[in-house]
Every structure is written in C-alpha cells, then in structure tokens.
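Quantities reported herein were computed from a predicted structural model and do not represent experimental measurements. Letters A, B, ... are given to chains in the order of the sequence lines, protein chains preceding strands, and every chain is numbered from 1.
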Amino acid sequence: MPELPEVETTARGIAPFLIGQQFTHVRVHQPSLRWPIPSDFEQRLNNEICVSVERRAKYLIIETTNTQIVSHLGMSGSFRLVDPTTPLKKHDHVQIRVGDLELRYHDPRRFGCLLWCESDRAQQLLQHLGPEPLSDAFNGAWLFARSRGRHLAVKSFIMTNAIVVGVGNIYASESLFLSGIHPQRAANRISAVRYERLAAEIKEVLARAIASGGTTLRDFVNGQGEPGYFQQTLAVYGRDGEPCRHCAQPIQSRVIGGRNSYYCLTCQR
DNA sequence: ATGCTAACCTGCGCGC
DNA sequence: TGCGCGCAGGTTAGCA
C-alpha cells in the first residue's frame with residue numbers, strides 16, 4: 001500500500017507517541033525482510049529514547065539518542081500503535097514498547113526493511129535519491145533538464161528515484177492524467193511547459209492525498225482500518241474500461257515498465 | 001550510461 | 001467449497 005502519502009501519514013501519526021519516550025521490550029520475531037534486520041537490533045535499540053521521526057522519500061527515519069533506524073514499508077508494510085495486550089497478528093515481525101503503547105511492524109510480503117542508518121546498505125539506499133516532490137528543488141525545469149536524452153516512457157521516468165522520489169504507480173498514472181500527458185510518451189519528447197504542468201500536478205495530487213490521509217491519524221492508535229486517502233476518488237488508476245470523468249471515453253490500461261498503467265486516449269497525448 | 005526484466009514474498013479475488 | 005492462476009501500493013540486481 002505505501003505510496004509517499006501513506007509513509008508521511010505514518011510518520012505524522014506515530015511521531016507524537018514516540019518522541020521523548022523510551023523504547024523497551026524490543027522484540028524481533030522475523031528478521032528476514034528485504035534485507036535482514038540487524039542481529040543486534042533488540043539489544044541496541046532497547047532503552048533508547050526516541051528523538052525524532054521523519055520521512056525521506058518513502059523511508060521512515062527514526063532517530064534515538066544514540067542511533068538511527070531507516071525503515072521502508074515495501075509493498076505491504078505498516079507501523080501501528082496498539083495496546084500492548086493486543087494479541088500478535090500473523091506477520092507482526094517487530095514489537096517495541098513505547099510508554100503505555102506498543103509499536104508493531106507488520107509486513108506480509110516482507111519487502112520492507114529495518115536497518116541501522118549508518119550501515120553500508122542503508123547509505124547505499126539513501127545516497128542517490130532525487131529531490132522531494134513537495135520541495136522547491138523539484139519543478140518543471142528540473143524534470144525538463146533531466147529528461148533530455150532520455151528515451152524511456154515518461155511514466156517510468158517520473159517513477160525513477162534518482163529523478164524525483166515518492167511518485168509511485170498510483171500517483172504516476174494520476175498525475176499524468178491530470179496533466180494530459182500520455183504515460184508512454186518518451187521523456188525527451190515533452191516540452192518545458194508541459195513538464196511545468198506535470199510537476200505542479202504531482203505536487204497537487206500528493207498534497208491532496210497527504211491531507212486526506214491525515215484525517216485518519218487515530219487509526220494508528222487503535223490499529224484499525226487503512227488510511228483514508230486510499231478511499232479518495234482516483235481519476236484513472238484501476239478504472240480500466242470505465243468512462244473517463246472528463247470525456248466519457250473508456251479508460252485504457254497497459255503495462256509500462258512492468259507496471260500496469262491507466263490513461264485516457266483522448267485526454268492524454 | 002540507459003533501459004528492460006526478473007526477483008524478492010504472501011494474500012486475495014476470480015474463473016472453473 | 002476448493003484449486004490454480006494472475007495480480008498487487010516498491011525497489012534492486014543483473015543483463016543486453
């Protein structure tokens with residue numbers, strides 16, 4: 001599930017309950033994620049005081065007095081705060097007591113990770129990340145400059161983390177629809193003006209999704225339900241064969257860069 | 001360098 | 001009801 005808005009919502013949701021608190025009763029039940037949870041995770045994290053919880057790209061950075069954790073939720077990961085007496089669910093891989101609550105990392109597909117920030121692996125993951133989509137460093141001029149000489153489909157281009165972070169499969173389709181750009185168009189065959197529009201739509205759609213996800217923060221405490229943004233009306237994603245909300249022509253779908261992609265043949269060129 | 005594919009895993013929904 | 005198949009929000013490794 002996690003696209004950038006969900007990671008941001010997670011960070012904002014858990015931060016107030018973690019910051020200033022001591023981590024105790026740290027337990028790892030299943031270390032084999034995308035990369036193994038370090039063997040000293042329990043021992044080294046136990047009794048640490050949480051200092052901050054931040055998001056970078058789709059990574060969560062949890063800082064304590066003496067160390068720093070980098071976590072990615074992969075395709076199916078989530079952090080939830082629950083009452084410590086709540087029975088463990090299948091695929092609850094890590095539990096950390098935080099005051100009166102317990103933080104649990106849950107990840108059925110195990111594509112996520114929990115790493116020490118200073119590890120070679122974590123540094124490798126973080127070092128080539130492009131600008132944050134909601135920052136001023138990300139704009140149409142940046143996309144235009146970086147796309148010269150690139151022949152790949154624009155959808156694959158904006159999903160490349162070295163270009164811009166946090167644009168996942170859902171919001172790539174959505175932002176291209178909103179900017180009237182065909183997802184298959186070669187990245188270097190799009191004008192500066194159209195990239196200006198695309199950058200603006202990426203910011204807009206992500207900001208809206210974060211605002212909508214932010215309405216369900218309490219879900220992180222009682223551990224129920226999914227963030228609300230996912231219920232928002234999507235213009236094209238997953239609407240294969242349904243009428244375009246703009247022109248009523250059926251929404252098309254095809255695989256681009258190995259990912260299913262949705263678009264309107266009439267509205268997107 | 002660029003760009004494409006396979007791979008990592010489990011769960012779910014669908015057709016039979 | 002059960003079973004097999006295809007597909008799923010991400011990202012890296014490896015190969016042309």
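- The P atoms of B:dT5 and C:dC7 are separated by 15 Å, rounded to the nearest whole Å.
- Side-chain N/O atoms of A:Tyr237 include one lying less than 4.0 angstrom from OP1 or OP2 on C:dG9.
- A side chain to side chain contact (heavy atoms under 4.5 Å, CB included) with A:Ile49 holds for exactly one of A:Ile19, A:Asn66, A:Thr65; it is A:Thr65.
- Atom-to-atom, CD of A:Gln30 to C1' of B:dC8 comes out at 13 Å; the value is rounded to the nearest Å.
- A straight line from CZ of A:Phe157 to P of B:dT2 spans 11 Å, rounded to a whole angstrom.
- Rounded to a whole Å, the NE2 atom of A:His151 is 17 Å from the P atom of B:dA1.
- For A:Arg56 and A:Glu132, the salt-bridge test passes: some basic side-chain N is under 4.0 Å from an acidic carboxylate O.
- Smallest separation of non-hydrogen atoms from A:Thr64 and A:Glu48: OG1-OE1, 2.8 Å.
- When rounded to the nearest whole Å, the span between OH of A:Tyr59 and P of C:dT12 equals 5 Å.
- The shortest distance between side-chain heavy atoms of A:Phe17 and A:Val53 does not fall below 4.5 Å.
- Spacing between B:dA1 and C:dT11 at atom P, rounded to whole Å, works out to 22 Å.
- In this structure, A:Ile181 CD1 and A:Arg197 CZ are separated by 8.5 Å, a value rounded to the nearest 0.5 Å.
- A:His72 has no side-chain polar atom (N or O) that falls below the 4.0 Å cut-off from OP1 or OP2 of C:dG10.
- What separates CG of A:Asp107 from C1' of C:dT11 is a distance of 13 Å, to the nearest Å.
- Among the protein residues, A:Asn260 comes within range of the sugar-phosphate backbone only, with heavy atoms under 4.0 Å from sugar or phosphate atoms but none that close to a base.
- In this model, the phosphate group of C:dA8 is not approached by any side-chain N or O of A:Asn169 to a distance below 4.0 Å at OP1 or OP2.
- The distance from the OH atom of A:Tyr59 to the CG atom of A:Leu125 is 4.0 Å, given to the nearest 0.5 Å.
- When rounded to the nearest whole Å, the span between CG of A:Asp240 and C1' of C:dA8 equals 15 Å.
- Nearest-nucleotide mapping onto DNA chain B: of A:Arg109 and A:Gly258, the residue sitting toward the 5' end is A:Gly258.
- Distance, A:Leu115 CG to C:dG10 C1': 15 Å, rounded to whole Å.
- Residue A:Lys90 places at least one side-chain N or O closer than 4.0 Å to OP1 or OP2 of B:dG11.
- In terms of modelled atom types and a separation under 3.5 Å, the side chain of A:Lys155 and the main chain of A:Gly257 share no donor-acceptor contact.
- For C:dT12, neither phosphate oxygen OP1 nor OP2 lies less than 4.0 angstrom from any side-chain nitrogen or oxygen of A:Arg34.
- Contact between the side-chain N/O atoms of A:Arg259 and the OP1/OP2 oxygens of C:dG9 is found at a separation under 4.0 Å.
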Intra- and inter-strand pairs of DNA chain C in dot-bracket (Watson-Crick or G-U wobble, both distances under 3.5 Å; | for another strand): .|||||||.|||||||

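- Between B:dG3 and C:dG9, the two P atoms lie 22 Å apart (nearest whole Å).
- Residues A:His29 and A:Gln95 bring a donor and an acceptor atom of their side chains to less than 3.5 Å of each other.
- The side chain of A:Met75 sits closest to C:dA8 out of C:dA8, B:dC9, B:dG11.
- Set against C:dA13, C:dG9, B:dG3, the side chain of A:Ile170 has C:dG9 as its closest nucleotide.
- Residue order along DNA chain C, read from the 5' end via each residue's closest nucleotide, puts A:Tyr262 first among A:Arg121 and A:Tyr262.
- Residues A:Ser175 and A:Ile158 meet the side-chain proximity criterion, which asks for heavy atoms closer than 4.5 Å.
- Here A:Phe111 does not pack flat against the base of C:dT11, since the 5.5 angstrom centre distance and 30 degree tilt limits are not both met.
- Here A:Leu73 lies out of heavy-atom contact (under 4.0 Å) with every strand.
- Rounded to a whole Å, the CD atom of A:Glu174 is 13 Å from the C1' atom of C:dG9.
- As rounded to the nearest Å, B:dA6 and C:dG6 have P atoms that lie 14 Å from one another.
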